There are 4 protein chains.
Amino acid sequence: MPGSRSGGSAAKPRKPPRAREEKSAARRDAILAAALDEFAASGFAATRIDDVARRAGVAKGTIYLYFRDKEALFQELVRSALSPIVAVLEHPPAGEVTPRGLLGVLVQTFVREIYGTRRKDVIRLVLSEGPRFPGVAEFYYREVVGRALPAVRELLRRAVEPGNSAGEALVRYPQLIVAPALVAVIWEALFGRFEPLDAEGLMHAHCELLLGALERREP
Amino acid sequence: MPGSRSGGSAAKPRKPPRAREEKSAARRDAILAAALDEFAASGFAATRIDDVARRAGVAKGTIYLYFRDKEALFQELVRSALSPIVAVLEHPPAGEVTPRGLLGVLVQTFVREIYGTRRKDVIRLVLSEGPRFPGVAEFYYREVVGRALPAVRELLRRAVEPGNSAGEALVRYPQLIVAPALVAVIWEALFGRFEPLDAEGLMHAHCELLLGALERREP
Amino acid sequence: MPGSRSGGSAAKPRKPPRAREEKSAARRDAILAAALDEFAASGFAATRIDDVARRAGVAKGTIYLYFRDKEALFQELVRSALSPIVAVLEHPPAGEVTPRGLLGVLVQTFVREIYGTRRKDVIRLVLSEGPRFPGVAEFYYREVVGRALPAVRELLRRAVEPGNSAGEALVRYPQLIVAPALVAVIWEALFGRFEPLDAEGLMHAHCELLLGALERREP
Amino acid sequence: MPGSRSGGSAAKPRKPPRAREEKSAARRDAILAAALDEFAASGFAATRIDDVARRAGVAKGTIYLYFRDKEALFQELVRSALSPIVAVLEHPPAGEVTPRGLLGVLVQTFVREIYGTRRKDVIRLVLSEGPRFPGVAEFYYREVVGRALPAVRELLRRAVEPGNSAGEALVRYPQLIVAPALVAVIWEALFGRFEPLDAEGLMHAHCELLLGALERREP
DNA sequence: GATGAATGAGGGTTCATTCAT
DNA sequence: TATGAATGAACCCTCATTCAT
C-alpha cells in the first residue's frame, strides 16, 4: 500500500496525514486547558477571554472558532473534563464485597481520578458556578452525581451486612461517603495557605470511621 | 423607660434623638440584606450594585455612603452574617460529655444557626467566592473555621472514650463532622430542583454512623 | 405664594424650576442632533456610538441612559424628526381649490418642512436604511407616507376638473407629485458635488408640467 | 471550429485551453452575483464577506483573489452591473421623433434594462450607499447619469414642439422623466409589503401626464 | 445625608483580511 | 489557484464609581 497513510517508512511525508485535524484538536485542548487555569483562578465572570487566549497561545478570535461564546467554553470545559469519569462510573467493579475493600477502591478512585488531577478544580468550579449555569448543574447531576450515587449505593448494598444500621444509613445517603472528599477539595482552595489539609489522612480517617460503624456487630 | 427611643420632651426635634443613627443602621442593614439576596442569587461578579440598591430601596449612590466599594460590601456582608456565630463559638457548652449528646447539640446548632437561616447562603458564598477574596477567606478561617474546629475538637476529646480509634480520627479531623452539613448546603443549591435532599435525614444518618463507630467497644 | 415655584420675580433662584428635566431634554436633543449628523454622514452601520457621543458632547455611556441601543437611537431619530410632519398632515388646508394653488402649497410645504431642514437627511436615511429596519419603514409608511398620499389625493380630487385625465392619473398615483422632490434630495447627496441641482427650479418646472396637463382642456 | 473549447490533440492537458480563464471568469461572476444578493439584502456594511463566499460557493479567501477588498468588490459590482447600460446610452435611437414614441421607448428601456432585472437592486444600492463611496457615486454620475440625462435631453429636443413650455421644462430638467422610476424602485423595497405599487401603472400614468402637457397646444 | 445622572474603562464578540497548506 | 484557520483591530454595551444638586 504505497503512498497510503502508513506513517513510518514512506519518504518525506512533509505533513503527516490528519495533520489538520490533529492540530485543530490540539488547539482546542490548549484552549480548554487555559480556560481551566483561568476559570479556576478567577471564576467565570472575572475571567477574561483575552487571558484565556494569551495563556493558550492563540488570538482572542481563535477561541470563537472553537466555542460559540464564553459560556459554551465553560460548559465544554466541564463536560470534557468530567466525561471520562462518566465512563468509569459505567463499569463499577464487579467483585469487591467487603466494606473495607469497597471503601479502599472508592478512595483510590477519588484520588486517582479527581484529587490528583485538574478535575479537582473542575469540581470546584461546578460547585461555585453551577447555580448560575443550569446546563452545567444539570450535566453534572445527570452524568456524574446521578450515576455515581446509585452505583455506590449498589456496591454498598452488596458489601454491608444486612441489618447493619450504619450500612443502611450509607445506602440511603451515599453522599456521606463523598462528603469529606468535597471538603478536602474546598479546604485546599480556601484555607490551603493557612492550614494545609492532609487529604489522604482525612480520607483514611473517614474510612476508619465508616468501617468502625460498618463492621460493628449490632447490639 | 429611660433611654428608650423617645426623647419626648423637647420642642423642635421632630426626630427623636438617635433616630438618625437608627435610621442609618436600618439602612445599612437593608443594604446588607439586599446584597445577600443578590450575591446569593448571582454571585459576586454578576451582581450589579444597581440591583442591590433597588432591592434595598435606596439610590445607588447611597450604598457608597455605607460601603467603600462593591468588595467592601461583600466582605461586610460575610462579616456581619457570620460574626454572631463567632460569639456562639466562644462559649461552647460546658457540660455535655456523651458523644450522642455532643453530636445532637452540634447538629441542632447547625440547623438553628445555619441551615435554617440565610447564613446558609453566606456560607455558600464564602465557599464559592472565597478563593478570589483573600480577606473573606481569611476572615472565615480566622474567625469561624479556625475557632469552630478546635472547639469541636476539645468537646470531642472530652466526649470520646480514650483509645477509641474512631474518636481519635474525629479529633484529628473534625472536618469529618461538618462535611455532610456542607454537602447539604451545596446540594440544595446545585441539585435541589432535580432531587431534593432531606438534610435532616442526612444529618441524622451521619450521626448514627458516627455514633456507631464512637460507641463501639474496641476489639 | 411666597417660595412657591413662581419664577420671574423672586430672589436668587439659583436653579430655575424644572432645571433637571430641561437639561435632560436638552441632552436628549443634543444626542439626537449628533446622531443625525453622524448617521447622515456614514449610514447606520458605519456610525460609531463613540462619535455620536463626542459630537453631542457627552460620554459614551450617557447615550445609553437615553436610548436602549444604537437601533433605538436610530428609530427615535427618525420618529422625532418626522413626527412634526405628521401633525401638519393631519390638518390639510381647507380652502385651496385650484390646481395651481394646491401645487404651490405642496411645494412650499416641502421646501419649508423638508428640503430646507435637516429632515431632508432623515428622509434620505429612511430611504437608505429603511429596508433593514422594518420598524422604521413601517413607521414612515404608517405615519408619513400613508397619511400624506391620501391627504394629497383628497386635495387633488377637490382641485381637478372632473374628467381631466391627468388629474385622474395624479389621484391614482399621488407619488407622481412627490417623485421630483425625492430626486432632488437624493441628487444633492449623490451628485451635488459634481453638478448641483437647482431644486427650486426643478420643482417649479415640475409644477409647470403638471399644470400644463391639469389645466388642459380635454379634446 | 478553430479556437473553440477543444484543443483536442495534446495528450495531457485534461483541461482544454481557456478552460482556466473561463472557469475563472465564471467564478468571478458567481462572486459578483452572490455579492449583489447579499449587498442588496443587507447593505454594504452589514454584509459579511463570509456570506458572499458561501452563497457563491467559494472559500472566503478566494474572493480576495478576485477583488482587492470588500469595497473593491462593491465597486466592481456596481460597475459590472451598470456598464451594459452605458453601452445602450451610447447609441440612442436615431429616428423617434414624437413625444409619445420617445416616452414609450424610455419606459420600455427602463423596464427591460432596470426594473425587470437585478439592476433595480444595484440602482438602489447606489442610491443608498453612494454617498459613502465617492468612487461609486462618481462612476454612476460619470458613466450613467451624466450620459443618460444629456441623451434624453437631446432626444427631447428633437421630439418636442419648439415653444412648448412643458417641453422646455423637461429639456432643462430631464430628471423629471426618471423620477417616478426611482420612486417605484424605492417604494418596492420600502413599502412593498404594506402596499404594493403597480410600477407599470405608475409609469403609464406618468407618461399620460407628460404627454398631456407636451401635446398641449400653447394658449 | 441622599440622589441618580454622568462617566469611561473594560470586555465580549464580530469580521475583514492574511497566509500556510 | 483555492482553501479556511487564524488573526486582531474595532465597536457595542455594561456597570462600578463619582459628584453636582
Side-chain angles (χ1 to χ4, degrees), chain A residues 14-15 19-21 23-24 27-28 45-54 56-73, chain B residues 20-21 23-24 27 44-54 57-73, chain C residues 14-15 19-21 23-24 27-28 45-54 57-73, chain D residues 15 20-21 23-24 27 44-54 57-73:
Chain A
R14 290 266 178 72
K15 289 287 164 181
R20 265 285 174 67
E21 298 157 44
K23 210 170 135 195
S24 178
R27 220 143 231 232
R28 200 187 135 95
T47 289
R48 284 163 309 187
I49 286 286
D50 228 353
D51 292 339
V52 175
R54 190 164 18 255
V58 302
K60 194 164 31 158
T62 304
I63 291 182
Y64 290 87
L65 295 177
Y66 292 89
F67 305 93
R68 189 160 30 74
D69 56 16
K70 197 184 176 187
E71 189 166 336
L73 171 60
Chain B
R20 267 284 174 69
E21 299 158 42
K23 208 171 140 196
S24 180
R27 225 150 225 226
F44 177 82
T47 289
R48 277 160 301 169
I49 287 286
D50 230 352
D51 292 339
V52 175
R54 187 159 25 251
V58 303
K60 201 174 5 170
T62 305
I63 291 181
Y64 288 85
L65 297 176
Y66 291 89
F67 305 93
R68 188 161 31 76
D69 56 17
K70 194 183 176 188
E71 190 166 335
L73 171 60
Chain C
R14 291 266 177 69
K15 290 285 164 182
R20 266 285 174 65
E21 298 156 43
K23 211 169 135 194
S24 178
R27 220 144 230 230
R28 201 186 134 94
T47 289
R48 283 163 309 186
I49 286 286
D50 229 353
D51 292 340
V52 175
R54 189 163 19 255
V58 302
K60 194 172 18 166
T62 304
I63 291 182
Y64 291 89
L65 295 177
Y66 292 88
F67 305 93
R68 190 159 31 71
D69 57 16
K70 196 184 176 185
E71 190 167 334
L73 171 60
Chain D
K15 305 274 181 187
R20 266 287 174 68
E21 299 158 42
K23 207 171 142 194
S24 181
R27 226 154 223 222
F44 177 81
T47 288
R48 278 159 302 170
I49 287 287
D50 230 353
D51 292 339
V52 175
R54 188 160 25 253
V58 302
K60 200 172 9 168
T62 304
I63 291 181
Y64 288 85
L65 297 175
Y66 293 88
F67 304 93
R68 188 162 30 75
D69 57 17
K70 195 184 176 187
E71 189 167 333
L73 172 60

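These numbers come from a predicted model, not from an experiment. Letters A, B, ... are given to chains in the order of the sequence lines, protein chains preceding strands, and every chain is numbered from 1.
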What's the CG-P distance between B:Asp69 and F:dC15, to the nearest Å?
17 Å

N/O (side chain, C:Arg27) to phosphate O (OP1/OP2, E:dA6) under 4.0 Å
yes

Going by heavy atoms closer than 4.0 Å, what residues in residues 57-64 of chain C are next to DNA chain E?
C:Val58, C:Ala59, C:Lys60, C:Gly61, C:Thr62

Under the rule for side-chain contact (heavy atoms from CB on, under 4.5 Å), what residues qualify as partners of C:Ala72, not counting sequence neighbours?
C:Arg68, C:Asp69

Report the distance from atom CZ of C:Arg68 to atom P of F:dC15, rounded to the nearest whole Å.
15 Å

Hits for salt bridge (Lys or Arg N to Asp or Glu O under 4.0 Å) against B:Arg27, two or more places apart or cross-chain, chain-then-number order -> none

Whole-Å gap separating P (F:dC15) and CD (B:Glu71):
18 Å

Check the distance between F:dC13's P and B:Asp50's CG and give it to me in whole angstrom.
18 Å

Send over the distance from B:Lys70 NZ to F:dT18 P, rounded to a whole Å.
14 Å

Residues in side-chain contact (heavy atoms from CB on, under 4.5 Å) with C:Ala53, at least two apart?
C:Val58, C:Ile63

Side-chain N or O of B:Tyr66 less than 4.0 angstrom from OP1 or OP2 on E:dG1?
no

Can you check side chain to side chain contact (heavy atoms under 4.5 Å, CB included) on C:Leu73 and C:Lys70, steps first, answer last?
CA-CA 5 Å; C:Leu73 171 60; C:Lys70 196 184 176 185; 5.5 Å; no

Who pairs with D:Tyr66 by ring-ring contact (aromatic ring centres under 6.0 Å, His included), at least two apart in sequence or on another chain?
none

Test side chain to side chain contact (heavy atoms under 4.5 Å, CB included) applied to D:Lys60 and D:Val52, D:Asp50, D:Asp51, the passing residue
D:Asp50

Residue-phosphate contact under 4.0 Å: C:Arg28 side-chain N/O, E:dA6 OP1/OP2:
no

What is the distance from CZ of A:Phe67 to P of E:dT14, rounded to the nearest Å?
15 Å

Specify the separation, in whole Å, of atom CD1 of B:Ile49 and atom P of F:dT14.
17 Å

Whole-Å distance separating the NZ atom of A:Lys23 from the P atom of E:dT21:
6 Å

For DNA chain E, what is the dot-bracket line, given that a base pair needs Watson-Crick (N1 to N3, plus N6-O4 or O6-N4) or G-U wobble (N1-O2 and O6-N3) geometry with both distances under 3.5 Å, and | means paired with another strand?
.||||||||||||||||||||

Distance test, side-chain N/O of A:Arg48 to OP1/OP2 of E:dT13, below 4.0 Å:
no

Just checking D:Leu65: base, sugar-phosphate only, or nothing, at a heavy-atom cut-off of under 4.0 Å?
base

